[in-house]
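Here is how names work: the chains are called A, B, and so on, in the same order as the sequence lines, proteins then strands, and each is numbered from 1. Below, all heavy atoms of this structure are taken into account, side chains as well, without hydrogens, waters or symmetry copies.
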Number of protein chains: 2
Amino acid sequence: MSSARQTRQREVIVQVLQGAEGPLSAPELLARAQATLPGLGTATVYRTLKLMQEEGQAHAVHLDGEPMYESSGRGHHHHFSCNSCGKVFSLHSCPVALPNGTVYPGGFVVEGHEVTLYGRCPACAASAVPASQPVLT
Amino acid sequence: MSSARQTRQREVIVQVLQGAEGPLSAPELLARAQATLPGLGTATVYRTLKLMQEEGQAHAVHLDGEPMYESSGRGHHHHFSCNSCGKVFSLHSCPVALPNGTVYPGGFVVEGHEVTLYGRCPACAASAVPASQPVLT
DNA sequence: CTATTTGCAAACCCTTTGCGCTGGT
DNA sequence: ACCAGCGCAAAGGGTTTGCAAATAG
């Protein structure tokens, strides 16, 4: 039982993830970490991410189909994805009243849930752009 | 403004999607459609899927990070993904009380939401298998 | 007949894996 | 010294794109 060695790359990856304002995709995380550790390899990020998840230090959320990661310990929360600017925000109140263990109608035992709200963030809602059609040419 | 020609492949794709019991991934959809139309190409499926989404005939949901598609017009619902057998079920009651247009604390204007519950489906909950490790060989 | 649509194959992500070398402990 | 961990590069899986041939209107 010796695993989990302390290496510079893990240190940096953890720091970047903890310092992020929201969830990061693996490539984003890689890019940010490379700012500090230029030689960092892709595989290391994925391996470390997997490790952190197994240890419960981080967990994945799926936003718009893309897996993103955030460090644990920010409490239960969900995300809001802006349809206009694409930014992702964390919501600190949970619109779902489903404690794990709840049995949902039909006999489904709930062990977790993921909620994502889509819409317009305060900034985009303010800039009175009423249309919601993506701009096509 | 002439688009949307009626072709055999689109006809089949639409039929498969509408006849599906739940959301399908693109590869699954492709496979099922090929049963009827052996020569069908991958690209056609993706192109048709994109087209259908633009026309509102279909929409994508993200389950466990995988994009899946379902035909519209089945009403608002969400999904339950079984941690044990991996099957996906449709839930007909919505655990979120957030009509579109709602303004969420902080000024977030909600235009849509996606909810996925994870846990054990009735069948798996019944077969008293407490472990959750996927079976590997 | 003309513009759209198709199938094929190549191109593109993103993620995982194999492998020899580096570096914790 | 030993072995976990690293970087590189190749492999893998899903999705997108370029292009010539096929086809709907």
Over 60° means perpendicular and under 30° means parallel, so classify the ring planes of [Y] and [X], tilted if in between.
X: A/Phe80; Y: B/Phe108; value: tilted
X: A/His59; Y: A/His77; value: perpendicular
X: A/His76; Y: A/His113; value: perpendicular

Send over the distance from [X] [atom1] to [N] [atom2], rounded to a whole Å.
X: B/Leu30; N: D/dG13; atom1: CG; atom2: P; value: 15 Å
X: A/Leu63; N: C/dC14; atom1: CG; atom2: P; value: 15 Å
X: B/His62; N: D/dG14; atom1: NE2; atom2: C1'; value: 14 Å
X: A/Arg47; N: C/dT22; atom1: CZ; atom2: C1'; value: 13 Å
X: B/Glu11; N: D/dT23; atom1: CD; atom2: P; value: 15 Å
X: A/Gln34; N: D/dC8; atom1: CD; atom2: C1'; value: 13 Å
X: A/Arg8; N: D/dG7; atom1: CZ; atom2: C1'; value: 16 Å
X: B/Arg10; N: D/dA22; atom1: CZ; atom2: C1'; value: 14 Å

Report the nucleotide, chosen from D/dT17, D/dG7, C/dT6, that has the shortest atom-to-atom distance to any side-chain atom of B/Ala43.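 Shortest atom-to-atom distance from the side chain points to D/dT17.
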Quick check for you: among D/dC6, D/dC8, D/dG25, whose closest atom lies nearest to any side-chain atom of B/Gln6?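 The answer is D/dG25.
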Measuring to OP1 and OP2 of [N], would you say a side-chain N or O of [X] lies under 4.0 angstrom away?
X: A/Thr7; N: D/dG5; value: no
X: B/Gln9; N: D/dT23; value: no
X: A/Arg5; N: D/dC3; value: no

Residue mapping more 5' on DNA chain D - nearest nucleotide basis, B/Ser25 or A/Thr44: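 Nearest nucleotide further toward 5': that of A/Thr44.
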For A/Thr116, is there any backbone N or O sitting under 3.5 Å from a side-chain donor or acceptor partner on B/Glu114?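 Absent.
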Looking at A/Glu66, I'd like to know if its CD atom is crowded, meaning that more than 12 non-hydrogen atoms belonging to other residues, nucleotides or ligands lie closer than 6.0 Å.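 No - once you tally the heavy atoms of other residues, nucleotides and ligands closer than 6.0 Å, there are 12 at most.
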For A/Lys50 and for A/Glu66, locate the closest nucleotide of DNA chain C by heavy-atom distance; then report the residue assigned to the nucleotide nearer the 5' terminus.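 With A/Lys50 and A/Glu66 compared, the 5'-side residue is A/Glu66.
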